[in-house]
Amino acid sequence: MATATTTAHKRVDIRRNDTVKVMTGRDRGKEGRVLRVFPDESKVLVEHVMMIKKTMSAKRNPKVKGGIAEQESKMSIANVALVCGTCGPVRIGHEVRGDRKVRVCKKCGTTLDK
Ligand SMILES: [Zn+2]
């Protein structure tokens with residue numbers, strides 16, 4: 001693949017509320033719902049994936065007991081695959097249905113847009 005020099009119109013095929021599977025990295029194999037998409041960074045926030053521990057300071061917020069809270073951290077879109085209900089993690093294709101462009105499963109052809 002040629003190196004993209006332009007940042008305009010970066011195509012992101014993952015959307016909020018999609019179910020994705022983590023393909024590489026520490027959380028490989030995990031599935032989760034996409035909480036947020038960051039198209040400019042090509043990153044996503046996936047529920048219960050890439051959890052990081054965050055120290056809660058009792059000094060900063062007296063109402064919070066000091067301790068450790070866990071939260072999701074952003075991960076690269078390249079490391080996740082959209083999950084097709086029939087096939088599992090798949091590559092995404094595109095098709096025009098009527099006047100709408102939809103995402104389809106490359107394996108079975110099912111529309112992945114709700
Ligand atoms: Zn499929």
Side-chain angles (χ1 to χ4, degrees):
M1 201 185 280
T3 311
T5 48
T6 173
T7 51
H9 290 293
K10 218 179 265 179
R11 203 175 67 188
V12 173
D13 283 328
I14 303 291
R15 312 220 176 116
R16 201 162 71 89
N17 288 328
D18 278 347
T19 301
V20 294
K21 186 161 188 165
V22 181
M23 303 311 284
T24 54
R26 194 189 69 182
D27 283 343
R28 184 175 38 175
K30 276 193 187 174
E31 270 182 33
R33 191 167 58 90
V34 175
L35 301 174
R36 277 191 76 180
V37 181
F38 305 87
D40 295 340
E41 301 169 68
S42 294
K43 287 191 172 165
V44 283
L45 205 61
V46 185
E47 196 174 33
H48 300 138
V49 171
M50 288 298 283
M51 300 302 287
I52 49 160
K53 288 191 167 69
K54 212 181 172 191
T55 309
M56 307 294 284
S57 167
K59 252 185 206 168
R60 276 184 145 177
N61 187 351
K63 279 180 191 153
V64 177
K65 222 170 70 174
I68 288 170
E70 281 196 300
Q71 67 173 49
E72 289 90 359
S73 62
K74 287 186 257 184
M75 64 180 299
S76 172
I77 285 175
N79 292 344
V80 300
L82 191 62
V83 173
C84 165
T86 325
C87 316
V90 289
R91 303 197 62 160
I92 303 164
H94 296 91
E95 251 177 49
V96 178
R97 301 255 166 103
D99 54 0
R100 222 161 70 94
K101 197 175 176 188
V102 296
R103 297 176 302 166
V104 295
C105 168
K106 276 212 170 175
K107 264 190 201 163
C108 67
T110 303
T111 307
L112 298 168
D113 287 334
K114 284 143 212 159

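Atom set for the values below is all heavy atoms of this structure, side chains included, hydrogens, waters and symmetry mates excluded. When a ligand or atom number is given, it counts from 1 through the structure's own listing order.
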Under the 3.5 angstrom rule, does the side chain of D113 hit a backbone N or O of R103 as a donor-acceptor pair?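 Looks like yes, one N/O pair under 3.5 Å.
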Tell me the closest heavy-atom pair linking C87 and K107, and the distance in Å.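 Closest pair (atom of C87, atom of K107, distance): SG-CB, 3.7 Å.
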On a heavy-atom basis, which atom in H94 and which in V104 lie closest, and how many Å separate them?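 Looking at all heavy atoms of both residues, the closest pair is N-CG2, 4.0 Å.
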Please indicate how many protein N/O/S atoms are found closer than 2.8 Å to the Zn ion (ligand 1), with waters neither displayed nor included.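 If we list every protein N, O or S atom nearer than 2.8 Å to the Zn ion (ligand 1), we get 4.
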By the salt bridge (Lys or Arg N to Asp or Glu O under 4.0 Å) test, which pairs, at least two apart or in different chains, include something from residues 87-96?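 Listed once each, the pairs are E95-R97.
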Do E70 and K54 have side chains that approach each other closer than 4.5 Å (heavy atoms only, starting at C-beta)?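 No; the side chains remain at least 4.5 Å from each other.
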Indicate yes or no: at least one non-hydrogen side-chain atom of M75 is less than 4.5 angstrom from one of D27.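 A side-chain contact is absent here, since even the closest heavy-atom pair is not under 4.5 Å.
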